[in-house]
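No hydrogens, no waters, no symmetry mates; every other heavy atom, side chains included, goes into these values. Everything numeric here is computed off the predicted structure, so don't read it as measured data. Quick note: residue numbers are just sequence positions, from 1.
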Amino acid sequence: MTHQVALDIAQTSTIAAAVIVTAVIVVAGLIGTGIYRARYAAAREEGYRVLAERSATGAQATADEIKGMRDELGEVRQRLAALEKLLSQIG
């Protein structure tokens with residue numbers, strides 16, 4: 001009977017050691033996966049930030065260009081009004 005108890009204890013300790021090793025491997029894998037995902041997300045976020053900055057710069061340049069065109073259109077309207085006035089005086 002003592003031999004059977006020692007065998008049961010050995011089997012139990014072997015199972016417990018296997019469970020602990022498996023748990024440590026799983027936890028290490030989860031931590032590694034989390035670190036990888038965090039680095040990947042940070043790199044992706046940096047790419048989005050750069051893209052957003054480029055878009056904002058492009059939008060500002062477009063807005064400036066439209067403002068310049070609006071100013072030019074105002075000048076054309078003034079010249080057209082002056083030309084119409086001149087033509088009405090001549091004709």
I need the R39 CZ to R44 CZ distance, nearest 0.5 Å.
16.0 Å
Output the distance between atom CG (L86) and atom CD (E84), rounded to the nearest 0.5 Å.
11.0 Å
Here the gap from T62 atom OG1 to M69 atom CE, rounded to the nearest 0.5 Å, amounts to 11.0 Å
Salt bridge R49-E45, side-chain N to carboxylate O under 4.0 Å:
no
Applying side chain to side chain contact (heavy atoms under 4.5 Å, CB included) to R54 and V50, what does each step give before you reach the verdict?
CA-CA 6 Å; R54 286 182 188 166; V50 169; 3.8 Å; yes
Might you confirm whether atom CD of Q11 has over 12 heavy atoms from other residues, nucleotides or ligands at distances under 6.0 Å?
yes
Residue of the set L30, I31, V24 for which side-chain contact (heavy atoms from CB on, under 4.5 Å) holds with V27
I31
Is any side-chain heavy atom of T33 less than 4.5 Å from a side-chain heavy atom of R37?
yes
With rounding to the nearest 0.5 angstrom, report the CG to CG distance, L80 to L73.
10.0 Å
First locate atom CD1 of I90, then atom CG of L83, and finally report the distance between them rounded to the nearest 0.5 Å.
8.5 Å
